[in-house]
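Notes follow once the structure below has been shown.
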Amino acid sequence: MRWSFRKVACFTLACFTLAVFMVATFYIVWSIYGLEKYLPIGFRIFQETFTESSFLKGDLKVRSEIHHSKKVDTLFNEFAQDNRNLRDSRGVSKWKSQPLSDRCEDFFTHWLAANPDWKFQKFGDNFDKSIVNKKRFFEVKYDRIKQRYKQNNIEGPLVTRENNNTIQEEYLSAIKATMDIETKMVETMSLFRVYGKCFLNQNQETVSHPEIFKKMTDKLFPFLSGQLPIFERFDGKVYNEGFPEMSKYEKSQDILLNYIQRNVQGKGILVSATTKHARDLIKLIRVLRAHNNELPIQIVHKGDISQRNQQYLLAAAQTEVDDMLDPKLSTDYMNVSPELDLKEDSKRRNVYFPKQDLTFVNIKQCISREYKYNFPGYANKLLALFFTSFKEVLLFDADTIPLVPPKEFFDLEGYKAKSAFFFKDRTLNDFNDYIETNFFTKLCPTLKSNSLDDLFDIPVITEHTLNNGYMTGWRHFQEAGVVAVDKSKHFLGVALASPLSIWKDPVVSSVWGDKELYWLALSIAGDENYAFNEHYAASVGVATTNPKYKQYTKSNAHEVCSSHPGHISNDGRLLWINSGFSYCKKNGIFRDRNLFPYSAMDTSEQKGLFDQPLRIQHALVPPGIPRIREPGSPIDDTPETELLLKWKSRPKDVDEINKDVKSEEEKISQLDSNPQKGWVKSQACAGYYYCAYDLIDSYFTDKDVDNGEFFEYDDNTVSTIEFLAKVWMTGTTKTKLPVKAAEPETTQGKENEGTKKEGGSIEGDKQKKDHN
Ligand SMILES: *[C@@H]1O[C@H](CO)[C@@H](O)[C@H](O)[C@H]1NC(C)=O
C-alpha cells in the first residue's frame with residue numbers, strides 16, 4: 001500500500017483534530033467538576049468573573065440548590081436501601097400497616113446498627129448564611145484583607161485576581177460546609193420526630209422498647225444528666241413531691257422524658273430566674289397576690305439565685321397582708337399615686353392578697369457538665385418549661401405583668417381549643433432572610449412520601465406554619481413574655497426546643513432569644529396544634545392629645561407612645577403587658593429629658609411621667625403589614641427585593657430622618673404627613689420606646705391608608721390597672737420574712753435599697769447589680 005502525500009496529510013489532520021477534540025472534552029469535563037482551580041492561573045479558560053451580576057446569578061443558583069423542595073430524606077433512603085420492601089409505594093403501605101411498635105423497632109434497630117456512634121451534635125459556627133449573598137461574602141473577606149494590609153502598613157492594589165480566586169474557593173467550600181451541616185440538622189430533627197412518635201406517644205400505655213428508648217434518649221438529649229430537679233418549698237425544706245413519688249425515680253432504670261411526661265400534674269405559673277430577676281419577681285408576686293391568685297408558682301433556677309434573694313421572694317409570697325402593704329416599707333409608697341390607699345382600695349375590690357404557694361426548682365444538676373454553657377439566659381425558659389412538674393403551664397417572664405387573674409389565661413378560646421397558646425409581637429418593619437425561613441422549613445416535616453415522616457404517619461406542615469409572620473419574612477413574630485401550654489399534650493415540641501436552642505447558628509442567630517422557638521419547635525415536631533392570640537402586640541399608655549407633643553401634627557392617626565407592649569384578647573380585654581410597670585423599661589429622666597416630647601415639657605411634667613408607673617388608658621394595635629415573602633420561601637427573590645426597594649422610596653418617618661443626626665437640636669420632631677409605619681422608634685427609654693399609630697399611608701396598592709385598632713378603657717379598668725401598678729411599684733426587699741424562714745445571711749439587701757434612690761430608678765440599681 002502506498003501512502004500518497006494527500007493521504008498522509010489527511011490522516012495527520014484527522015489525528016490532529018481528534019486530539020484537539022479530546023483535549024477540549026477533557027478540559028471541559030475537568031472544569032465542570034471544578035478542577036480548573038488546580039491549574040496555574042494563566043492556563044485557566046473558564047475563569048470566574050467577579051461582577052455584581054455574576055454574583056446575583058450565583059446567589060440564585062445556591063438558593064435553588066438549597067431550596068426545601070429539593071430536600072431528600074437521607075435517613076429514609078439509607079433505610080430503604082437495606083429494606084427492599086420500601087422501594088415502591090405498595091411495599092411502603094404494607095410496611096406502614098404494621099403496628100407502630102413494630103415499625104419503631106424495625107427502624108431504630110436498623111438505624112442504631114448503622115450509626116452506633118451517632119449523637120446530637122452542637123455544631124460550631126460553620127453554618128454560613130452569606131452563601132446566598134455572594135457579594136456580602138466577598139465584602140467580608142475584602143475587609144479582612146484590607147485590615148491585614150493596614151496592619152502591615154501596605155498600600156496598593158487592594159484586591160487582586162489572586163485574592164478573588166482564593167475567596168471564590170473559600171466561598172465554594174463554605175457552601176459545601178453549610179449544606180453538610182444543614183443536612184445533618186435536618187436528619188437530627190427527623191430523628192426527634194420519629195423518636196417522639198415512637199416513645200412519647202401519649203396514648204401508649206407502656207413503653208414498647210425500653211432499651212431502644214433509652215439509647216435514643218441518650219443520643220438525642222446528651223445535655224440531660226438524667227437527674228430530676230430539686231423542688232424546694234417556701235418553708236425551706238427540700239420536698240420530694242414536685243412530681244409524685246419522686247423518690248422512686250431511678251436514673252439508671254427510668255427514662256427521664258418518659259417520667260416527666262407521665263407525671264406532670266396540675267396548673268401553675270412558671271418563671272425562670274436568676275438573682276438579677278429577683279427585684280422584678282418580688283413585684284410580680286405581689287401582683288399575683290393582688291389578683292387573688294391561687295395557682296402555685298414554680299421558680300426555676302440553676303443555683304444562681306442567692307439564698308438571700310430566695311428569702312425576699314418568700315417574704316413577698318408569704319408575708320401578712322398588713323406587712324405587705326405597710327407604707328413604711330417602700331419609699332415609693334407615698335410618691336406613687338399618692339391618693340391611692342392600697343388597703344382601703346383592696347377591700348373595695350375584694351382583693352384579699354392570698355399567700356402564694358412558691359416552689360424553687362433547682363435544675364443545675366439536671367444539665368450534664370459539657371453542656372453547662374449551652375443554655376444562656378433566655379434558653380433557661382425552655383429548660384424550665386421542660387423540667388416543671390406542672391402539666392398546664394403559664395410561663396411568665398420576670399417582668400411580665402398579668403392584668404387579669406392568671407387562671408383566666410387557661411380560659412382563653414385559643415388555649416381551650418389547642419392547649420398551646422402564644423402571643424404575637426409588635427409588627428416592626430424588620431425582615432428576616434430567605435436562608436432562614438428556608439432552613440426552618442427544611443427542619444419541619446415537609447415530605448409526603450419517601451420520608452420517615454411518611455413511614456410514621458407524621459403530617460407535613462401546612463400554611464399554619466408556612467404562612468405565619470416569621471415564615472413570610474418578618475423578623476419578629478412571637479412575643480414570649482407569656483406562653484400557655486399543656487405540656488403533656490405537646491411534649492415533643494416542648495422537649496425539642498432546648499436542643500434546638502443549642503444550635504446558635506443558624507437557629508438562635510435567626511430568632512431573637514427564645515422568642516420564636518415555641519411555635520417553631522412545635523412545628524418542627526410536626527405538631528401544628530397551637531394557636532396565636534389574634535391581635536398583634538399593642539402599644540399601651542395614654543394617647544397623645546396635646547398637639548405640642550404629637551409627632552405627626554396633621555395626621556388623624558391616634559398616637560400611643562410607650563416602652564410597653566401589651567396584649568389584647570380577641571374580645572378586647574387587656575390581658576398583660578411586659579417590661580414591668582415603670583414608665584420606662586430602663587428608667588432615666590436625666591438621660592431622656594432632651595428627647596422629644598420630653599424636651600417640650602417642663603420639669604414637673606417630666607417628673608410626673610418618669611416618677612410614676614405607666615398609666616394605661618389606651619391601647620393601640622397598628623395596622624398589619626403585608627408579607628414580604630410568599631409562603632414556602634420561593635427561590636426567586638425578585639418580588640421580595642422589589643417590594644423592599646419600593647418601600648425604601650416611601651417618605652421617611654421621624655426615626656429614619658433622624659437616624660444619623662447627632663445633635664438633639666437638629667433633630668426633626670414633628671412631621672405633617674401621615675406616619676409611614678405603625679411603630680416609630682424613639683431613643684427614649686434606652687431605645688425601648690415606640691410610638692404607635694392606627695392610621696398609616698398604605699402598603700397596599702389598592703388603598704390609601706391602612707387602619708389599626710384603637711382601644712379606650714373605662715374608668716374601672718383604668719383604676720384597676722393603677723391599683724396593680726401601685727402594688728407592683730411598692731414591692732421591695734424590705735418586706736418582713738415569714739415567721740418560719742431563716743434570716744438573710746448578710747445585709748446587702750439594705751445596701752441595694754440605699755442605691756435605689758438614684759434617679760428614682762429600680763432599674764439603675766438592677767443594672768449595677770448585673771455588672772457585679
Ligand atoms: C474582584 O472582585 C470584585 C468584585 O467583588 C471586582 O470588583 C474586582 O474587579 C475583581 N478583581 C479582579 C482583579 O478580578
Side-chain angles (χ1 to χ4, degrees), residues 23-24 26-67 124-182 430-439 473 475 505-506 509-510 628-629 633-649 659-660:
V23 167
F26 171 78
Y27 189 74
I28 289 168
V29 171
W30 168 280
S31 40
I32 283 173
Y33 281 95
L35 300 172
E36 196 182 50
K37 59 182 180 233
Y38 297 113
L39 285 179
I41 292 204
F43 290 85
R44 297 181 194 175
I45 296 175
F46 294 92
Q47 293 264 359
E48 267 289 334
T49 49
F50 300 101
T51 58
E52 197 134 320
S53 67
S54 83
F55 282 179
L56 287 178
K57 235 184 270 162
D59 288 347
L60 186 67
K61 201 170 138 227
V62 177
R63 273 205 307 276
S64 160
E65 250 165 74
I66 63 170
H67 193 248
D125 46 10
N126 286 328
F127 190 103
D128 194 334
K129 288 188 194 169
S130 59
I131 61 166
V132 289
N133 193 337
K134 195 168 176 183
K135 189 173 168 205
R136 189 169 70 210
F137 187 95
F138 271 65
E139 276 164 4
V140 169
K141 302 284 180 184
Y142 290 161
D143 284 346
R144 277 194 212 141
I145 293 172
K146 281 184 203 156
Q147 212 83 48
R148 224 181 310 135
Y149 279 132
K150 214 165 147 194
Q151 275 165 9
N152 299 326
N153 283 323
I154 300 174
E155 297 208 15
L158 286 185
V159 182
T160 62
R161 175 99 211 166
E162 191 62 54
N163 288 145
N164 274 353
N165 284 326
T166 313
I167 299 173
Q168 169 73 7
E169 271 155 40
E170 289 169 344
Y171 172 69
L172 293 175
S173 58
I175 294 177
K176 189 173 173 324
T178 302
M179 286 174 75
D180 281 351
I181 292 178
E182 205 179 64
D430 290 335
F431 328 116
N432 58 34
D433 200 81
Y434 165 87
I435 198 170
E436 300 169 317
T437 54
N438 182 59
F439 168 76
R475 172 62 71 206
D505 234 337
S509 64
S510 304
I628 69 151
R629 192 170 310 131
S633 305
I635 295 166
D636 179 12
D637 68 347
T638 324
E640 177 176 339
T641 318
E642 279 172 1
L643 196 65
L644 293 182
L645 207 67
K646 208 168 88 201
W647 291 353
K648 265 204 181 128
S649 64
K659 213 169 208 162
D660 300 316

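Ligands are counted one by one from 1 in listed order, and the atoms in each one are counted from 1 as well.
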*Note the single closest protein heavy atom to atom 7 (O) of ligand 1, along with its residue, its atom name and the distance in Å.*
Phe50 O, 4.0 Å
*Nearest protein heavy-atom contact for atom 13 (C) of ligand 1: which residue, which atom, what distance?*
Arg161 N, 3.3 Å
*Side chain of Thr166, backbone of Glu162: donor and acceptor closer than 3.5 Å?*
yes
*From atom 5 (O) of ligand 1, is the closest protein heavy-atom distance below 4.0 Å?*
yes
*Under 4.0 Å from any heavy atom of Thr160, which atoms of ligand 1 are there?*
13 (C)
*Give the ring-plane orientation class for Phe431 versus Trp647, where under 30° counts as parallel, over 60° as perpendicular and anything between as tilted.*
tilted
*asked:* Applying side chain to side chain contact (heavy atoms under 4.5 Å, CB included) to Ile66 and Tyr434, what does each step give before you reach the verdict?
replied: CA-CA 11 Å; Ile66 63 170; Tyr434 165 87; 4.2 Å; yes
*Who's the nearest protein heavy-atom neighbour of atom 12 (C) of ligand 1, and how far?*
Asn164 ND2, 3.2 Å
_Please determine whether a side-chain nitrogen of the Lys or Arg among Lys129 and Asp433 lies less than 4.0 Å from a carboxylate oxygen of the Asp or Glu._
no
*Which option, Phe55, Phe138, Tyr142, owns the non-hydrogen atom nearest atom 3 (C) of ligand 1?*
Tyr142
*Should the ring pair Phe138 and Phe55 be called parallel, tilted or perpendicular, given that the plane angle runs from 0 to 90° and is split at 30 and 60?*
tilted
